[in-house]
Colleague: 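Quick one: the structure is below, and I'll ask about it shortly.
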Amino acid sequence: MSDTAPPFSLQSALPFWMSPGMIPMAIPGAASGGWALALLPLYGWVSVTLLDAILGRNETNPDPDTPEQALFWHRLITLIWFPLQFVAIFGMLWWVSRSDHLSPFETIALFLGVGVISGTVGIVHSHELLHQRTRLERWLGDLLLSTVLYSHFRTGHLLVHHPHVGTLRDSVTARYNEGFFRYFLWVLATGLPSAWRAERLMLARAGRPGSGTDRTRSGAMARCN
């Protein structure tokens, strides 16, 4: 990327537009299996790492007060990602269920590659969308999370991580010197329960059903009767 490129131009957004290239990379692996299954992870992980090494760091510090109109190309990729991810996941499920040329190992490898699409890109885009003001963008973020069965991320991120980041109450903050695998298992074990508790507390403060307080009242009334 040129150092003279405007900070919010199409040129500056081009690195983010590498992600749709993952979709066609999945097709050769699904069609023929074998070595073609490596194309998607190679594109998603290795090529981006090499480009980072070649192009160097982007140390520009854009103005946080930049109007949304100037962010068109940066925002557009997040807005279109849900249909792309939906087609990638469910299209591959449809294809594999109707074909028999892939071995069990190749099928696993194919969906690990699809996980690169939904995990490396999709969850990152959903995080960005959940922080936006428009209902459409937040809705798209929720839909992205639903495709990977990770919808509790919204509650956990906004109601647990943000208020308690870096503390023991934050289920997704790694402890000092904690290794990746121990941290990964910790997040899997505590992320959903902590999000559930936070959601129940929020509903209780709002006096809405589902918090558990409505069931408590019903039980108390039954005992009184």
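Atom set for the values below is all heavy atoms of this structure, side chains included, hydrogens, waters and symmetry mates excluded.
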Colleague: With clusters defined by side-chain heavy atoms of hydrophobic residues (ILVMFWY) lying less than 4.5 Å apart, directly or transitively, does L144 cluster with V87?
Modeller: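 No, it is not one cluster - the side chains of V87 and L144 are not joined through contacts under 4.5 Å.
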Colleague: Can F153 and L130 be said to form a side-chain contact (heavy atoms from CB on, under 4.5 Å), step by step?
Modeller: CA-CA 10 Å; F153 174 83; L130 293 176; 4.0 Å; yes
Colleague: Output the distance between atom CG (L201) and atom CZ (R197), rounded to the nearest 0.5 Å.
Modeller: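 So the CG of L201 and the CZ of R197 are separated by 9.0 Å.
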Colleague: Quick one: CG on L42 to OG on S47, what's the gap to the nearest 0.5 Å?
Modeller: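 Interatomic distance, L42 CG to S47 OG, rounded to 0.5 Å: 8.0 Å.
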Colleague: Of all the heavy-atom pairs spanning E137 and L79, show the shortest one and how long it is.
Modeller: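 Looking at all heavy atoms of both residues, the shortest contact is CG-CD2, 3.6 Å.
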Colleague: Does a side-chain heavy-atom distance below 4.5 Å link F111 with I89?
Modeller: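 Side-chain contact under 4.5 Å: no.
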Colleague: How close do A198 and T155 get, counting heavy atoms only, and between which atoms?
Modeller: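 Distance-wise, the nearest heavy atoms are CB-CG2, 4.2 Å.
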Colleague: Around atom OH of Y183, are there more than 12 heavy atoms of other residues, nucleotides or ligands at under 6.0 Å?
Modeller: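 Enclosed.
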Colleague: Using 0.5 Å steps for rounding, measure from the OG1 atom of T147 to the CG atom of L145.
Modeller: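 The distance works out to 7.5 Å.
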Colleague: List the atom of V148, the atom of S118, and the distance in Å for their closest heavy-atom pair.
Modeller: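 Shortest heavy-atom contact: CG1-CB, 3.4 Å.
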Colleague: Would you find a donor on one side and an acceptor on the other, under 3.5 Å apart, between the side chain of Q132 and the backbone of R138?
Modeller: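 The answer is no, because no donor-acceptor pair under 3.5 Å joins these two groups.
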Colleague: Counting C-beta onward and ignoring hydrogens, is there a side-chain heavy-atom pair between H131 and L158 closer than 4.5 Å?
Modeller: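 The answer is yes, as the side chains (C-beta and beyond) meet within the 4.5 Å cut-off.
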Colleague: Going from CD on E178 to CG on L185, what distance comes out if it is rounded to the nearest 0.5 angstrom?
Modeller: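 Interatomic distance, E178 CD to L185 CG, rounded to 0.5 Å: 9.5 Å.
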Colleague: Flag yes if I108 and V96 sit in one hydrophobic cluster, no otherwise; membership is Ile, Leu, Val, Met, Phe, Trp, Tyr, and two members link when side-chain heavy atoms are under 4.5 Å apart.
Modeller: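 Not linked; separate clusters.
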Colleague: Only counting residues at least two apart or in another chain, list the ones meeting ring-ring contact (aromatic ring centres under 6.0 Å, His included) with Y150.
Modeller: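 Per chain and number, Y150 pairs via ring-ring contact (aromatic ring centres under 6.0 Å, His included) with H152.
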Colleague: Please find the pair of heavy atoms, one from I23 and one from A88, that lie closest to each other, and give the distance.
Modeller: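 Smallest interatomic distance, heavy atoms only, reads CD1-CB, 4.0 Å.
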Colleague: Is the closest side-chain donor-acceptor distance between E128 and T78 under 3.5 Å?
Modeller: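 Result is no, nothing qualifies.
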Colleague: Check step by step if side-chain contact (heavy atoms from CB on, under 4.5 Å) holds for W73 and F16.
Modeller: CA-CA 9 Å; W73 291 109; F16 300 97; over 6 Å; no
Colleague: I'd like to check I77 versus I80 (side-chain heavy atoms, cut-off strictly below 4.5 Å). Are they in contact?
Modeller: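 Yes, side chains in contact.
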Colleague: I'd like to know if the side chain of S97 reaches the main chain of W94, judged simply by a donor and an acceptor atom lying under 3.5 Å from each other, with no hydrogens or angles considered.
Modeller: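 Checked: pair present.
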Colleague: Side-chain contact, heavy-atom cut-off 4.5 Å: F86 with L143?
Modeller: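 No, side chains not in contact.
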Colleague: Look only at the side chain of Y43 and the backbone of M18, and say whether a donor-acceptor pair between them is shorter than 3.5 Å.
Modeller: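 Checked: pair present.
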Colleague: Between T120 (side chain) and I117 (backbone), is there a donor-acceptor pair under 3.5 Å?
Modeller: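 No; zero donor-acceptor contacts below 3.5 Å.
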Colleague: In this structure, would L76 and L14 fall into the same cluster of hydrophobic residues linked by side-chain contacts under 4.5 Å?
Modeller: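 L76 clusters together with L14.
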Colleague: With a 6.0 Å cut-off (strictly less than), is the heavy-atom count around CH2 of W139, excluding the residue itself, greater than 12?
Modeller: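 No, the 6.0 Å shell around CH2 holds no more than 12 heavy atoms from other groups.
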Colleague: Indicate if I123 and F184 have the same hydrophobic cluster label, given that clusters are the connected sets of ILVMFWY residues with side-chain heavy-atom separations under 4.5 angstrom.
Modeller: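 Per the 4.5 Å side-chain linkage, I123 and F184 are not co-clustered.
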Colleague: Could you pull out the closest heavy-atom pair between G33 and L102, with the gap in Å?
Modeller: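 Taking every non-hydrogen atom into account, CA-CD2, 3.6 Å.
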Colleague: Test of understanding: clusters of I, L, V, M, F, W, Y form through side-chain heavy atoms closer than 4.5 Å, transitively. Do W81 and L136 belong to the same one?
Modeller: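 In one cluster with W81: L136, yes.
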Colleague: Please round to the nearest 0.5 Å and tell me the distance separating atom CG of L110 and atom CD1 of I27.
Modeller: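 Rounded to the nearest 0.5 Å, the CG-CD1 separation comes to 11.0 Å.
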Colleague: Could you check whether any side-chain N or O of R175 sits under 3.5 Å from a backbone N or O of T173, counting only pairs where one atom can act as donor and the other as acceptor?
Modeller: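 It does hold such a pair.
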Colleague: Are there over 12 heavy-atom neighbours, none belonging to L188, within less than 6.0 Å of that residue's CG?
Modeller: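 Counting neighbours around CG of L188, more than 12 heavy atoms of other residues, nucleotides or ligands fall under 6.0 Å, so yes.
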Colleague: Taking the ring centre of each residue, are H127 and H161 less than 6.0 Å apart?
Modeller: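 Not under 6.0 Å, so no.
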Colleague: Do any N or O atoms from the side chain of H101 and from the backbone of A30 form a donor-acceptor pair under 3.5 angstrom?
Modeller: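 It does hold such a pair.
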Colleague: Any chance you could measure E106, atom CD, to S32, atom OG, to the nearest 0.5 Å?
Modeller: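 Between E106 CD and S32 OG, I get 8.5 Å after rounding to 0.5 Å.
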Colleague: Could you pull out the closest heavy-atom pair between M22 and G44, with the gap in Å?
Modeller: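 Closest approach of M22 to G44, heavy atoms only: CE-CA, 3.4 Å.
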